[in-house]
Amino acid sequence: ASQIIAVGLGFSALSLGGVSVNHLDVAPRHAGLVFGAGNTAATLAGVVSVPFTGYLLQTTESWPLVFGVTAAHYVLGAALWAAWCGDTAVPEDKL
């Protein structure tokens, strides 16, 4: 199990380069603001996920469920990013 977690975290780290620079593509004038908003959202998700994981483990005692929820979160996030993010600036960046 620990090898699978290590491989999963490695693949997750490979995505950071593309995701992090995408702020400059979609909002070149306001990339710092967009990056800050994204980091805030990620921090809030981290604050929520720890107690949620504890709740899942206490109520179901199922690590596979915890990992399944995590995998579903990654797949949903990747799909939304692929659908919404691109390489052209959004019109709102000109404001």
Would the number of heavy atoms belonging to other residues, nucleotides or ligands and lying under 6.0 Å from CG of L95 be above 12?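 Yes - once you tally the heavy atoms of other residues, nucleotides and ligands closer than 6.0 Å, there are more than 12.
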Within the supplied structure, the quantity of interest is the number of heavy atoms (other residues, nucleotides, ligands) at a distance under 6.0 Å from N39 CG; does it exceed 12?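 Yes.
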Of the non-hydrogen atoms in [X] and [Y], which two are nearest, and what is the gap between them?
X: A27; Y: V34; answer: CB-CG2, 3.8 Å
X: P51; Y: V47; answer: CD-O, 3.0 Å
X: D93; Y: P28; answer: OD2-CD, 3.0 Å
X: R29; Y: K94; answer: NH1-O, 3.1 Å

Might you work through the side chain to side chain contact (heavy atoms under 4.5 Å, CB included) test for F67 and I5, ending with a clear yes or no? CA-CA 9 Å; F67 289 126; I5 293 171; 3.6 Å; yes
Honestly curious: do Y74 and L16 fall in one hydrophobic cluster under the side-chain, below-4.5 Å linking rule?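 No, separate clusters.
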Cluster link L33 to V21, ILVMFWY, side chain under 4.5 Å: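 Different clusters.
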Enumerate the residue pairs fulfilling side-chain hydrogen bond (donor to acceptor under 3.5 Å, both in side chains) with a member in residues 44-55, sequence neighbours excluded, ordered by first and then second residue.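 Qualifying pairs: none.
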Are F52 and V69 close enough, and set up right, to give a side chain to side chain contact (heavy atoms under 4.5 Å, CB included), and what steps lead you there? CA-CA 11 Å; F52 179 71; V69 170; 4.0 Å; yes
Could you measure the distance from the [atom1] atom of [X] to the [atom2] atom of [Y]? Nearest 0.5 Å is fine.
X: L65; Y: L56; atom1: CG; atom2: CG; value: 5.0 Å
X: W81; Y: N22; atom1: CH2; atom2: CG; value: 5.5 Å
X: H30; Y: H23; atom1: NE2; atom2: NE2; value: 14.5 Å
X: L57; Y: S62; atom1: CG; atom2: OG; value: 8.0 Å

Tracing side-chain links under 4.5 Å among I, L, V, M, F, W and Y, which residues wind up in one group with L14?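 Members alongside L14: V7, F11.
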Check the pair D25 / T88 against side chain to side chain contact (heavy atoms under 4.5 Å, CB included), numbers first and verdict last. CA-CA 6 Å; D25 292 334; T88 57; over 6 Å; no
